[in-house]
Amino acid sequence: MSKNVAAKRYALALFEIAKEHNLYGQFDLELAEVKKVFQSNHDLSMVLSNPKIRKDSKKQIIQEAFAIASPFIVNTLKLLIDRHRQSIVIDMIDEYQLLSNEARNVANATVYSVRALTEAEQATLSSVFASKVGKASLNISNIVDSSLIGGVKIRIGNRIFDGSVSGKLERLGRQLTTNR
């Protein structure tokens, strides 16, 4: 079975548990933290994939590292260790987020701006652009990019809304060169 198919299967199982117990929000937050830990701590991934380390020790590491997480999430991580699928944790979380977002009619958006956006600015962008893409709201992650000069550039899925000064200058330059 391919890595992606397995990740989807485990994500669907977690999603069904979240749906049954109405824990979408809690699972979203906890899984985001689990993903950060796995992405930032390569030693953890190396330890969990090391065949010389016993499964019991690996499960104990997971139990201690994610002690405050939901038992459902911890047990899923332990199950992945039992099945030698610890390498799909990040893919599984990504698949879960897609399922959760779809169920709640939410989309992920990346907003590039010259400075960090305030909560109020993020909420305004979420309400304005969510309606443009047919969603109830947006989960916004803000990336500071000083090359924009001013304004914002928003990426929602494969759509890009570029209201940055550098984007406008680039479009103006293209327009001037093609109209000669």
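The basis for the numbers below is simple: all heavy atoms, side chains too, and nothing from hydrogens, waters or symmetry mates.
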Original post:
Step by step, would you call Lys35 with Glu30 a salt bridge (charged side-chain N to carboxylate O under 4.0 Å, His left out)?
Top reply: CA-CA 9 Å; Lys35 183 177 177 179; Glu30 290 179 4; over 6 Å; no

Distance-only, no hydrogens or angles: does the [X] side chain make a donor-acceptor pair with backbone N or O of [Y] under 3.5 Å?
{"X": "Ser57", "Y": "Ile53", "answer": "no"}
{"X": "Glu95", "Y": "Ala7", "answer": "no"}
{"X": "Ser100", "Y": "Tyr96", "answer": "no"}
{"X": "Thr124", "Y": "Ala120", "answer": "yes"}

[X] versus [Y]: any side-chain heavy-atom pair under 4.5 Å?
{"X": "Val34", "Y": "Val89", "answer": "yes"}
{"X": "Val111", "Y": "Leu117", "answer": "yes"}
{"X": "Thr110", "Y": "Lys153", "answer": "no"}

Between the side chains of [X] and [Y], is a donor N or O closer than 3.5 angstrom to an acceptor N or O?
{"X": "Asp91", "Y": "Asn4", "answer": "no"}
{"X": "Asn142", "Y": "Ser113", "answer": "yes"}
{"X": "Thr178", "Y": "Arg174", "answer": "no"}

Same cluster for [X] and [Y] if Ile/Leu/Val/Met/Phe/Trp/Tyr side chains link at under 4.5 Å?
{"X": "Ile140", "Y": "Val133", "value": "yes"}
{"X": "Ile90", "Y": "Leu48", "value": "yes"}
{"X": "Leu29", "Y": "Ile73", "value": "no"}
{"X": "Ile93", "Y": "Leu79", "value": "yes"}
{"X": "Ile156", "Y": "Leu148", "value": "no"}

How far apart are the closest heavy atoms of [X] and [Y], and which atoms are they?
{"X": "Ala130", "Y": "Leu138", "answer": "N-CD1, 3.9 Å"}
{"X": "Asn105", "Y": "Gly134", "answer": "OD1-O, 3.6 Å"}
{"X": "Ser146", "Y": "Val114", "answer": "CA-CG1, 4.5 Å"}

**OP:** Step through it carefully: locate the ring centre of Phe27, locate the ring centre of Phe15, and say whether they are under 6.0 Å apart.
**Re:**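 No - the distance between ring centres of Phe27 and Phe15 does not fall below the 6.0 Å cut-off.
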
**OP:** Answer yes or no: does atom NZ of Lys55 have more than 12 heavy-atom neighbours from other residues, nucleotides or ligands under 6.0 Å?
**Re:**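 Yes, because the 6.0 Å sphere around NZ of Lys55 holds more than 12 heavy atoms from other groups.
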
Original post:
With a cut-off of 6.0 Å (strictly less than), are more than 12 heavy atoms of other residues, nucleotides or ligands near CZ of Arg171?
Top reply: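 More than 12 within 6.0 Å, yes.
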
**OP:** Write out all pairs satisfying ring pair (Phe, Tyr, Trp, His ring centres under 6.0 Å) with one or both partners inside residues 148-173, taking only residues at least two apart or from two chains.
**Re:**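 Every ring pair (Phe, Tyr, Trp, His ring centres under 6.0 Å) pair that includes a residue of residues 148-173, provided the two are not neighbours, is Phe129-Phe161.
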
Original post:
Going by an N to O cut-off under 4.0 Å, is there a salt bridge joining Asp28 and Arg104?
Top reply: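 The answer is yes: the pair qualifies as a salt bridge.
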
**OP:** Look at Lys135 together with Glu102 and state whether they make a salt bridge at an N to O cut-off of under 4.0 Å.
**Re:**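 Yes, this pair counts.
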
Separation of [Y] [atom2] from [X] [atom1] (nearest 0.5 Å):
{"X": "Leu80", "Y": "Lys58", "atom1": "CG", "atom2": "NZ", "result": "12.0 Å"}
{"X": "Leu99", "Y": "Glu16", "atom1": "CG", "atom2": "CD", "result": "8.5 Å"}
{"X": "Leu14", "Y": "Thr76", "atom1": "CG", "atom2": "OG1", "result": "4.0 Å"}
{"X": "Arg9", "Y": "Met92", "atom1": "CZ", "atom2": "CE", "result": "12.0 Å"}
{"X": "Asp82", "Y": "Asn75", "atom1": "CG", "atom2": "CG", "result": "10.0 Å"}
{"X": "Arg54", "Y": "Ile81", "atom1": "CZ", "atom2": "CD1", "result": "13.5 Å"}

Original post:
Between Lys168 and Asp162, does a salt bridge (charged side-chain N to carboxylate O under 4.0 Å, His left out) hold up when you go through it step by step?
Top reply: CA-CA 8 Å; Lys168 289 177 182 177; Asp162 191 353; over 6 Å; no

Original post:
Between Ile160 and Ile154, does a side-chain contact (heavy atoms from CB on, under 4.5 Å) hold up when you go through it step by step?
Top reply: CA-CA 6 Å; Ile160 296 176; Ile154 302 172; over 6 Å; no

Original post:
Hey, mind stepping through Ser45 and Phe38 against side-chain contact (heavy atoms from CB on, under 4.5 Å) and telling me if it holds?
Top reply: CA-CA 7 Å; Ser45 298; Phe38 272 87; 4.0 Å; yes

Without placing hydrogens or testing angles, list every side-chain donor-acceptor pair under 3.5 Å for residues 62-71, not counting sequence neighbours.
unit_1: Gln63; atom_1: OE1; unit_2: Lys78; atom_2: NZ; d: 2.6
unit_1: Glu64; atom_1: OE2; unit_2: Gln60; atom_2: NE2; d: 2.8
unit_1: Ser70; atom_1: OG; unit_2: Phe72; atom_2: N; d: 3.2

